[in-house]
Amino acid sequence: MTISELSLSGALVNGLSTQLGELFAIRPTIPGRGKVELLARLVRQAENGAAIRLFYSDQDTMQALWEHIKGNLLQTDTCPYCDHPDDSRDGSCDKCNLYLNFSNKNYLERHIENTFAQRLNIRLSRLNLEHIQKIIHFVDSKLLKIQHRSPDKEFVGTSPCMLSVFSMIRKVAPTEMSVLLLGESGTGKEVTARSLHNLSTRREGPFVAVNCAAIPETLLEAELFGYEKGAFTGAYASRKGKFESADGGTLFLDEIGDLPAPLQAKLLRFLEDRLVQPVGSALSRKIDVRIVAATNCDLQGAMAQGRFRTDLFYRLNSFTIKLPPLRERGEDRVRLARYFLEKFSHSENKFLDFSDEALEAIGAHSWPGNVRELENKVRRGFLMAQGRVIDPECMELELGRPVAPAEAGSASRGSQKEYVVRVLEQNDYVIAKAARQLNISRPSMYALIKKHGISRDNVK
Ligand SMILES: Nc1ncnc2c1ncn2[C@@H]1O[C@H](COP(=O)(O)OP(=O)(O)OP(=O)(O)O)[C@@H](O)[C@H]1O
Ligand SMILES: [Mg+2]
């Protein structure tokens, strides 16, 4: 078999005995690279040979082929793709718009980008619905996640609000900025702080967490800043504080809203000059620590009441990440539940699944305790399940219970239907709106309608 013409997308060959459309391999020798294997398909039999289309399994082969083709290109005054006179000013053909600056080292990248839509178009006509759904799923699950991907595999979420959190984490992590994390209890503030550390240049250094609310006020200063021998009764030896332990790394100050006033002043000083003065010491030490602080309390309110220093707040608030409550994370509820179930299943070597009702209940619950509550409920379900399937009862979740509004919490099964109907009426029977009001997903809303036998005639 001899190749008479060769381009990146195909070749003209002689002596080929293959059926039209059939996929086969060719192994041309490329100077400087040796034999390479290319997948090809016969697309046309012509007088001067058979036209084949080439497919590449890796970028290196394509690059090697391009280097070879580039070396043999004839200088022409016309575009090699469409024969239009080559008077391009920005390097692209005025007619077919293809990039013609062959000597540019990024030529191949530009060419691939340029022709992507065209190549996709050629293939589109052969796709059926199943293919299309698979492709959309692939794009959603792989490509979108690559862009905003969760900072680590233990940090689960693909809801829009979590993708935006991940993107903020990626942006701020490599900087030296202090970060303030806000969010209800159990929303993942500590997970976020660890991600910030792991994605920073300090990742080889220590990550030290201090819960400012858990340590008695009298001990907190010594705990944070360390003390000298004899600084107070019982200080038999000097001890370094958390700031010093975190030197070269990240100090996570959890529940910062509970930091007593004198320590707020000391923290502010540290943020200004990076010096730490242990209790009972006349000397200060320079410490290289990045501060990540978190709170689930209302700092604005605390400032208004004079319990939290405004200047400290603005120092810490230079970059704030707000962790959304679980009830606002849509399908992440089910995703997280599956994640925890898989985790428990692997650690216990016992593989269970959720019943449809359990998934519905997970989607419908308001999760006041957020991710921590979800993790605990799934753990409970895992332990209490009778067979291989976890039901809502094992997790102590009520099936299809509408969430959030107080009246829903006390609704008996009888009145639940009335409540759902009322919410539907209030929302003009637009499912998406009613589901949003109830803080549940659309599938859960449909499930509720079905469960209560509500007429779907009005449903939009
Ligand atoms: N997105 C997530 N993916 C996986 N696990 C998560 C996620 N968010 C939180 N968790 C898990 O939920 C639990 C609570 O998270 P974390 O301790 O970070 O929350 P928190 O906001 O610090 O809570 P608190 O305010 O009560 O201290 C932890 O076990 C954590 O691993
Ligand atoms: Mg915490």
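Counting convention: from 1, in listed order, for ligands and their atoms alike. These numbers come from a predicted model, not from an experiment. The chain is numbered in sequence order, starting from 1.
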Output yes when the distance from some N or O of ligand 1 to some N or O of [X] is under 3.5 Å, and no in every other case.
X	answer
Tyr339	no
Thr187	yes
Leu336	no
Gly188	yes
Met162	no

Give the ring-plane orientation class for [X] versus [Y], where under 30° counts as parallel, over 60° as perpendicular and anything between as tilted.
X	Y	result
His365	Trp367	perpendicular
Phe225	Phe243	parallel
His346	Phe351	perpendicular

Ligand 1 to Glu154, heavy atom cutoff 4.0 Å, flagged ligand atoms 3 (N), 4 (C), 5 (N)
Counting from 1 in the order shown, the ligand 1 atoms closer than 4.0 Å to a non-hydrogen atom of Asn296 are 25 (O)
Determine, stepwise, if the pair Glu228 / Arg285 fulfils salt bridge (Lys or Arg N to Asp or Glu O under 4.0 Å).
CA-CA 13 Å; Glu228 289 297 324; Arg285 287 180 206 140; 3.4 Å; yes
Can you list everything that forms a side chain to side chain contact (heavy atoms under 4.5 Å, CB included) with Glu425? Sequence neighbours excluded, please.
Val421, Tyr429
Side chain, backbone, both or neither: which part of Phe340 comes within less than 4.0 Å of ligand 1 when only heavy atoms are counted?
side chain
Got a sec, which residues hit side chain to side chain donor-acceptor pair (under 3.5 Å) with Thr192, two or more places apart in sequence or on another chain?
none
In terms of heavy-atom contacts, does CD of Glu217 have more than 12 from other residues, nucleotides or ligands at under 6.0 Å?
no
Does some non-hydrogen atom of Gly186 fall short of 4.0 Å from ligand 1?
yes
